[in-house]
Amino acid sequence: MSNTIFQRIIDREIPATIEFESDDIIAIRDIAPSASTHVLIIPKKPIPTVNDLTEADAELVGRVYLVARDLAAKYGIDASGYRIVTNCNADAGQTVFHLHFHLLGGQQLGRMNSHAPSHSTGRGNVLLEAGLVVLLAIGLAIGFNAMNPKAIAWLKPEYKRVEASQEELDRILGVSNTAAPGADASQATQPSTGSSTTTADVTAATPMATSAPSAPTPATNNSATAPAAAAPAEPAFVAEPGVIREIKLDAFKKLLGRKQVYLIDARIPEKFAEGHVNGAVNVDGNTVEANIPQILTIPKDRIIVIYCDGGHCELSHRVADVLKNFGYGPILIYTGGWAEWTASGK
Ligand code: 5GP
């Protein structure tokens, strides 16, 4: 059986923000926090579920609670309050089968009433049950809406949409009046904005195609421009972990073909197979959270450029958010997407 994601974090195969570690316990920030403070306290021993605990584990579980107590004090939520939750198997929604304890806090967590018994009687309970059914229906609608590309905008997560300023673009593109030797002159027309990287950064970059994780073979109706065969040295760029900016067609064109660029097509695989920009790797925004191991094969020393359909498509932002959490950046989202790209005749 393959290792769980938590085992891989314990073994340092996958990065995580570690909040505490001892010989037998590790505590990490949850990648998709459900509260302002959301930490996972994980016994290192690979126990799949609570059902698999034995007498011998009693002390270990006790120590988990002491770690939770200390972390709560560290975050200053000990007095305001917090919750410790462990999900066991399908009905509880357990997704990672390596025993772990969610430490949640830093905000009002609400009452834990979603487990109210369904066989209760009496008028008050009937009303409560009716209310729960309505809440469940709303929850399902919101969930469905969030997954649906044609979702109603107000029910979808709000993505911060910041367009790259000219200054940021210049910096990311490495435009400076002391651009790297051999740099494309068209990319070196702006004044320097403080790029601090050197030509060594440029030459360190490896060609995109060699490290792309299992990129499907480009489709025959692919309409992108191929990178020049003997590309000149590229201007340096500044790595900016966590930075997500939107870009327009002009900037997208300038970035294409650069070795430093890691190009991601965030659309569904079927659309990717029909056609995509040359060199793009498919990371489906709908399933990105379930494909963290693929995400982690992406080299860190790249400018990440992502596109999806264009228009109201948010798949690029979903991929960008996950990449941001893993410390990638700069991350540039080409908002015109496939629709504008194909319409531009490229
Ligand atoms: P469960 O649903 O099994 O009770 O909780 C699993 C938790 O692990 C979820 O809250 C999920 O967000 C978190 N998680 C899943 N994959 C990763 C990961 O790669 N890194 C981190 N830090 N948390 C993860």
Side-chain angles (χ1 to χ4, degrees), residues 1-22 24-53 57 60-61 64-65 67-68 71-72 74-75 77 82-107 109-110 112 114-115 139-140 142-143 146-147 157 159 213 241-242 264 283-300 304 317-329 331:
M1 206 176 80
S2 64
N3 280 339
T4 63
I5 200 101
F6 293 162
Q7 190 59 54
R8 298 183 66 192
I9 287 171
I10 293 165
D11 295 342
R12 299 295 196 276
E13 288 172 24
I14 289 179
T17 308
I18 298 172
E19 295 290 315
F20 168 86
E21 185 163 22
S22 65
D24 53 2
I25 295 171
I26 191 167
I28 59 169
R29 288 266 165 195
D30 196 292
I31 198 171
S34 304
S36 309
T37 300
H38 188 170
V39 169
L40 302 167
I41 306 172
I42 309 166
K44 290 186 177 173
K45 184 176 171 187
I47 305 166
T49 74
V50 172
N51 293 336
D52 303 295
L53 282 167
D57 301 317
L60 176 63
V61 174
V64 163
Y65 274 78
V67 170
L71 286 176
K74 176 177 148 188
Y75 305 136
I77 58 170
Y82 54 92
R83 184 174 285 160
I84 299 170
V85 179
T86 297
N87 295 316
C88 181
N89 281 339
D91 279 359
Q94 183 176 4
T95 56
V96 180
F97 288 83
H98 183 132
L99 183 66
H100 55 281
F101 299 75
H102 299 256
L103 170 64
L104 301 148
Q107 64 179 68
L109 295 169
M112 288 193 63
S114 60
H115 58 270
L140 282 172
I142 290 173
M147 304 291 293
Y159 290 105
I264 294 177
V283 178
D284 181 0
N286 296 293
T287 55
V288 59
E289 272 106 358
N291 289 319
I292 301 300
Q294 184 200 2
I295 287 288
L296 294 172
T297 63
I298 299 172
K300 280 268 165 67
I304 307 285
H317 284 87
R318 285 197 202 171
V319 175
D321 269 11
V322 171
L323 284 167
K324 178 184 159 183
N325 283 338
F326 281 111
Y328 287 88
I331 301 165

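None of the values given here were measured: they were computed from a predicted structure. Counting starts at 1 for both ligands and their atoms, following the listed order.
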Exercise. Applying a strict 4.0 Å limit to heavy atoms, is Val96 in contact with ligand 1?
Worked result: yes
Exercise. Which residue holds the protein heavy atom closest to atom 5 (O) of ligand 1, what is that atom called, and what is the gap in Å?
Worked result: His100 NE2, 3.0 Å
Seminar exercise, completed: Taking only non-hydrogen atoms of Ile9 and a 4.0 Å limit, the atoms of ligand 1 in range are 20 (N)
Problem set entry | Proximal ligand 1 atoms for Phe6, defined as those under 4.0 Å from one of its heavy atoms | 8 (O)
For this session: Could you check if a side-chain atom of Val39 sits within less than 4.5 angstrom of a side-chain atom of Phe20, using non-hydrogen atoms only?
Result: no
Seminar exercise, completed: Checking heavy atoms under 4.0 Å, the part of Phe97 that sits near ligand 1 is neither
Exercise. With a 4.0 Å cut-off, would you call Glu21 and Lys44 a salt bridge?
Worked result: yes
For this session: Do me a favour and list the nearest non-hydrogen protein atom to atom 22 (N) of ligand 1 with residue, atom name and distance?
Result: Arg29 O, 2.8 Å
Exercise. Would you say Glu289 touches ligand 1, if touching means a heavy atom closer than 4.0 Å?
Worked result: no
Exercise. Evaluating non-hydrogen atoms only, which member of Asp30, Ile18, Val322 is closest to atom 12 (O) of ligand 1?
Worked result: Asp30
Problem set entry | Winner among Ile31, Thr95, Ile42 once heavy atoms are compared against atom 21 (C) of ligand 1 | Ile31
Exercise. Ligand 1 and His38, any nitrogen or oxygen pair closer than 3.5 angstrom?
Worked result: no
For this session: Flag the pair Ile47 / Leu60 as yes when at least one side-chain heavy-atom distance between them is below 4.5 Å, and no otherwise.
Result: yes
Exercise. Looking at Tyr75 and Thr37, what are the two nearest heavy atoms and their distance?
Worked result: CD1-CG2, 3.5 Å
Exercise. Please state which protein non-hydrogen atom is closest to atom 19 (O) of ligand 1 and give its distance, to 0.1 Å?
Worked result: Ile5 CG1, 3.5 Å
Exercise. By number and element, which atoms of ligand 1 are closer than 4.0 Å to a non-hydrogen atom of Leu40?
Worked result: 8 (O), 13 (C), 23 (N)
Problem set entry | side-chain contact (heavy atoms from CB on, under 4.5 Å) between Gln294 and Val288, worked out | CA-CA 9 Å; Gln294 184 200 2; Val288 59; over 6 Å; no
Problem set entry | Close-contact set for ligand 1 against His102 heavy atoms, below 4.0 Å | 1 (P), 4 (O), 5 (O), 7 (C), 10 (O)
For this session: Would you check if Lys45 and Leu99 make a side-chain contact, meaning some heavy-atom pair closer than 4.5 Å?
Result: no
For this session: Determine, using heavy atoms of Thr17 and all atoms of ligand 1, whether some pair is separated by less than 4.0 Å.
Result: no
For this session: Taking side chain to side chain donor-acceptor pair (under 3.5 Å) as the test, write out the residues that go with Ser34, two or more places apart.
Result: none
Exercise. So do Ile26 and Phe6 actually touch side chain to side chain, heavy atoms under 4.5 Å?
Worked result: no
For this session: Could I get the full list of ring pair (Phe, Tyr, Trp, His ring centres under 6.0 Å) partners for His102, not counting sequence neighbours?
Result: His38, His100
For this session: Decide yes or no for Ile31 and Phe326: does some side-chain heavy atom of the first lie under 4.5 Å from some side-chain heavy atom of the second?
Result: yes
For this session: Give the atoms of ligand 1, by number and element, whose distance to some non-hydrogen atom of Gln94 is under 4.0 Å.
Result: 3 (O)
Problem set entry | Nitrogen or oxygen atoms of Ile292 and ligand 1 under 3.5 Å apart | no
Problem set entry | Atom indices of ligand 1 within 4.0 angstrom of Gly93 heavy atoms, with elements | 2 (O)
Problem set entry | Minimum side-chain heavy-atom gap Arg12-Ile18 below 4.5 Å | yes
